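Structure first, commentary second.
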Protein chains: 4
Amino acid sequence: MRLGMIGLGKMGYNLAQNLLTHHHEVVVYDVHSEPGEQLAKEGATAASNLEALITHLDSPRIVWLMVPAGAVVDAVIDELIPLLSEGDIVIDGGNSHYKDSIARGTKLRGHGIQFLDVGTSGGMEGAAEGGCFMIGGSREAFEVIEPILKDMAVEQGYLYAGESGSGHFLKMVHNGIEYGMMQSIAEGFEILEHSPFAFNYEDVARVWSNGSVIRGWLMDLAGSAFAKDPKLEGMRGIMQSSGEGKWTVETAMDLQVSAPVITMSLLMRYRSLQSDTFHGKVVAALRNEFGGHSVIASDSGKE
Amino acid sequence: MRLGMIGLGKMGYNLAQNLLTHHHEVVVYDVHSEPGEQLAKEGATAASNLEALITHLDSPRIVWLMVPAGAVVDAVIDELIPLLSEGDIVIDGGNSHYKDSIARGTKLRGHGIQFLDVGTSGGMEGAAEGGCFMIGGSREAFEVIEPILKDMAVEQGYLYAGESGSGHFLKMVHNGIEYGMMQSIAEGFEILEHSPFAFNYEDVARVWSNGSVIRGWLMDLAGSAFAKDPKLEGMRGIMQSSGEGKWTVETAMDLQVSAPVITMSLLMRYRSLQSDTFHGKVVAALRNEFGGHSVIASDSGKE
Amino acid sequence: MRLGMIGLGKMGYNLAQNLLTHHHEVVVYDVHSEPGEQLAKEGATAASNLEALITHLDSPRIVWLMVPAGAVVDAVIDELIPLLSEGDIVIDGGNSHYKDSIARGTKLRGHGIQFLDVGTSGGMEGAAEGGCFMIGGSREAFEVIEPILKDMAVEQGYLYAGESGSGHFLKMVHNGIEYGMMQSIAEGFEILEHSPFAFNYEDVARVWSNGSVIRGWLMDLAGSAFAKDPKLEGMRGIMQSSGEGKWTVETAMDLQVSAPVITMSLLMRYRSLQSDTFHGKVVAALRNEFGGHSVIASDSGKE
Amino acid sequence: MRLGMIGLGKMGYNLAQNLLTHHHEVVVYDVHSEPGEQLAKEGATAASNLEALITHLDSPRIVWLMVPAGAVVDAVIDELIPLLSEGDIVIDGGNSHYKDSIARGTKLRGHGIQFLDVGTSGGMEGAAEGGCFMIGGSREAFEVIEPILKDMAVEQGYLYAGESGSGHFLKMVHNGIEYGMMQSIAEGFEILEHSPFAFNYEDVARVWSNGSVIRGWLMDLAGSAFAKDPKLEGMRGIMQSSGEGKWTVETAMDLQVSAPVITMSLLMRYRSLQSDTFHGKVVAALRNEFGGHSVIASDSGKE
């Protein structure tokens, strides 16, 4: 099939390659010209702007957005609307908030344009070699693009989940689970690190990856990481987060659902951003006040 | 090889079958005679007591215990000691506390007997068809039994972890991680259940099992469970625990390590044992006291 | 001083009485006429609508809102704006979100009207007999109303906290702390309830209220509650929440601050709304899948 | 009354002074001679060893231990047993584990000696000027020493809680609650510290101490601490713990009770002991593996 791919960052670039490998015709565009030029060498048609990209597509046009969530998605959609015709299909494959996807679906339907919100998982490797896709929105549009999904996904790796927003909702919750699983694995290794034993973590990750109850891709990746740096001495334990975990926690609270483990995973990420805390100082100060417990003096320049 | 298997419950029985399949000579014993008789039909030699079991083995004798952790392990070991000779090997494949395993290793070494603490993972299916084994204790003894482990485990599914106790320590932490991963997955489905969408959980588990970051055996099992009961309406949400999760949390605290997600997974299991809580009543009563917020009257017979 | 009090619910009514006791002239209004009529007997002037209320005030007019947070506050403010003049003072004493208070401050300033956001604590008793007030907004306006605050508050029980929003921000965080303190106390009694001892909780609350590190008003209230119902058998452990705790958690996450205890207090409130959970079913089902652990069948009609 | 006080550390010294102020006859002993010499100037009789201390007491002798929990208590009791007679009373006023107190009660009863386990709260100030005492053990012995307790405690500040162990059980849970309350207060100030406002924390603690729902001694102490160091810049946020919080969490788990907030308070103390974490590195490494998210390089010498 022929489709347009807008946004050629880590994920978009890999998806475009994946599609080319499967002999689809891919028209690509990014604000930076280099990735498009690179993909052109692999068979893609590089467009220099959105208007050019659209002219290379046939009705119903299929446009896959892989741009940063938030304002950029809205800006691209607003620019696309006058260029598209009734029946065309816009796909947002990024990590958009499901409420935004519901709103965008409504807006595009008002212009006769079909919209699919597609949560994409599997990391860069998955994007390149076979990922996992959760699709919400028009079932009719889904059926049109299903051959593309079939090629980009691993076997059984895509699901039409339901109405607009359901694809990104599933992806959001997937990421919440991911936070919890990663923190679980990480806490396990933390306990090993403080244990009286001298474990080889690459070996441990390998044995846990083979035959155990906790085997899975994250454990495989732990093995890869320890293979490169056996004690992870080259990095600091600062855990960034890109938003979906926070959305999961906020959504759970809006639904009055208790998700303590996913929530605590997020809070530990925030905690890791601080080398010292104010709440710690307050507790230390209170212990000193009532019990005369000594405090540890701050050491200017250390924190 | 020839070895004795003591304890033919769910795990021991399956391991014995696994060994027979791989053409090992297995002498079996259990306090109940039926499983031994059954295994005899598949080629095992059924012994009617420990003494008889030992007489069927050659030096160095290899005895694998798969009996309930705690006092039973000690009782069996005490009964075995006078029956065994220097150089014989006792293996505890159950879920023993690693500190008990260290003590048992020391005790048996005092009698010239080698001891291995082996954590076994992979569930009943793994025991039968290929599991995961974490081994602590004498390296020399490990090398003797390695051919057995190679056959019982999936490929790369066993690890000599180090000195006495390290095998059960690894298994304990493995189970702590398992608690956290299971709770993470479960919270994700809880959020889906309260969402505005109507997801098919079997489909969701399937797509998350294929190509996603959170793919793994636990997600596969979630798919199996939902295939049998799409909304799990046939069961209550009571989460039992068998001890290793609690040991992980206690060990982390002894090591002054913070493992909030594993800990919270355990606490949610305890919380699930109560349909109502006293702490909830106290908070409701306090809100009533200061703010006049109404309380919900208890309804005798409902809880 | 003379001021108008709009909203005569539990808190507004008690504050009006408090002011009358201190010989202030209070013009009152509520959508229901009864509380105003009642207060008129105690010396208040009851107005039948906002316009009437305003005509009873002198410049600079002081109007205290004690109405439900959210849309009602905006509606009342919109109705007041055309009735007020430059230099008049509007006070929101309810539990508004601090961001709304910032926006309302800006809006009212645009009309030359001064705005104060006042967080009020101390419960109904505090409103009636001396409470705690946290004030944000124009310092000039604060100085005008300070005599009123001095009379309504206990000694040292009011604070000008800073610019618009800071009063409600302080109150929000106060409530977050309150959630954590209440849950802490409640968990303590839960442990006592499951202990091998037979404690009298009223006695325990009393001794902890006198001389201990954890003495304070919440412990006093626990004593009052146990005096009425020694085991709280008359109520269910369902912990409602009215919003400020959730705002505190959301605000902490927006600030990328880890507040695990306040957060967990909120999540336990949500957990208490469910007598059984879907996540519990998922974990029970997974344990059954890999380990053959039995599940507890649901009992239709019970949950 | 006349009694012996063994152990003259921060708490024992202050209690002895408190007793002297109330005109009791106090025989004191400590392994270091200085505090006894000092108290002798205030009217105490300083003994140079346990035997001497006992000879200064009349039947039934009352001996109050204020020594470090654990082995020291046992050592002192073992040394006392041959020196004491039937009907004498031994009081352990330290922070002993309630299970040890149950065992000590049984042991001493076997020698005809009465035992009381007394949890002491109120900090050093409470010990000196009026504290809070939770008493378990023989009711008869309690009635003998009640006049002493009445004088040492604030009004209503002592409670006979029941059989052996119940005094220290109550104290243990009191400390668990204290952990939760301190962490709650501390998290509140942490949120203020990261807020867009510039609060004066001494002022905030003062207003929250007067008339608010969260008023209490800990908030008073927060005010004192901020009065000395407005931003607590002189100290690090390292939160030590002395054991009772951990015992509370362990006891809750043994009782299969979920106490998430008290537990999380303890875990945050452990977390504060680390400036960087291994689990953080694992999560950072995993994010790098699947998503190519950059890690922050460790900076040797910084951690």
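Only a predicted model underlies this, so the values are computations on that prediction, with no experimental measurement involved.
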Between [options], which shows the greatest number of heavy-atom pairs under 4.5 Å with chain D?
options: A:Met11, A:Met124, A:Glu190; result: A:Glu190
options: A:Gly291, A:Gly188, A:Ala186; result: A:Ala186
options: A:Pro260, A:Ser272, A:Gly292; result: A:Gly292
options: A:Arg271, A:Gln183, A:Lys10; result: A:Arg271
options: A:His194, A:His293, A:Arg287, A:Lys231; result: A:Arg287
options: A:Ala285, A:Gly234, A:Ser294; result: A:Gly234

Practice problem: Flag the pair D:Glu289 and A:Lys228 as a salt bridge only when some basic side-chain nitrogen lies within less than 4.0 angstrom of an acidic carboxylate oxygen. | Solution: yes

Quiz item: Are the charged groups of D:Glu250 and D:Lys246 less than 4.0 angstrom apart, N to O?
Solution: yes

Quiz item: Under 3.5 Å, is there a donor-acceptor pair between the side chain of A:Ser275 and the main chain of D:Ser275?
Solution: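 No, because the side chain of A:Ser275 does not come within donor-acceptor range (under 3.5 Å) of the backbone of D:Ser275.
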
Quiz item: Counting only N and O atoms by type, is there a donor-acceptor contact under 3.5 Å from the side chain of D:Asn288 to the main-chain atoms of D:Val295?
Solution: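 Flag not set: sc D:Asn288 to bb D:Val295 has no pair under 3.5 Å.
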
Quiz prompt | Contacting moiety of D:Val283, where chain A heavy atoms sit under 4.5 Å | solution = both

Quiz item: Of the backbone (N, CA, C, O) and the side chain (C-beta and beyond), which part of D:Ser241 lies under 4.5 Å from a heavy atom of chain A, both, or neither?
Solution: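 Contact with chain A: backbone only.
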
Quiz item: Using a distance-only test with no angle check, is there a side-chain donor-acceptor pair under 3.5 angstrom linking D:Ser96 and D:His168?
Solution: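 No pair is found: no donor N or O on one side chain lies under 3.5 Å from an acceptor on the other.
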
Quiz item: So, A:Gln38 and A:Glu34: side-chain donor and acceptor under 3.5 Å apart, yes or no?
Solution: no

Quiz item: Checking side chain to side chain donor-acceptor pair (under 3.5 Å) for the pair A:Gln240/A:Ser242: CA distance, chi angles, key distance, verdict?
Solution: CA-CA 7 Å; A:Gln240 311 282 356; A:Ser242 52; over 6 Å; no

Quiz item: A:Tyr179 versus chain D, heavy atoms under 4.5 Å apart: side chain, backbone, both or neither?
Solution: neither

Quiz item: Where on A:Met268 is there a heavy atom nearer than 4.5 Å to chain D: the side chain, the backbone, both, or neither?
Solution: side chain

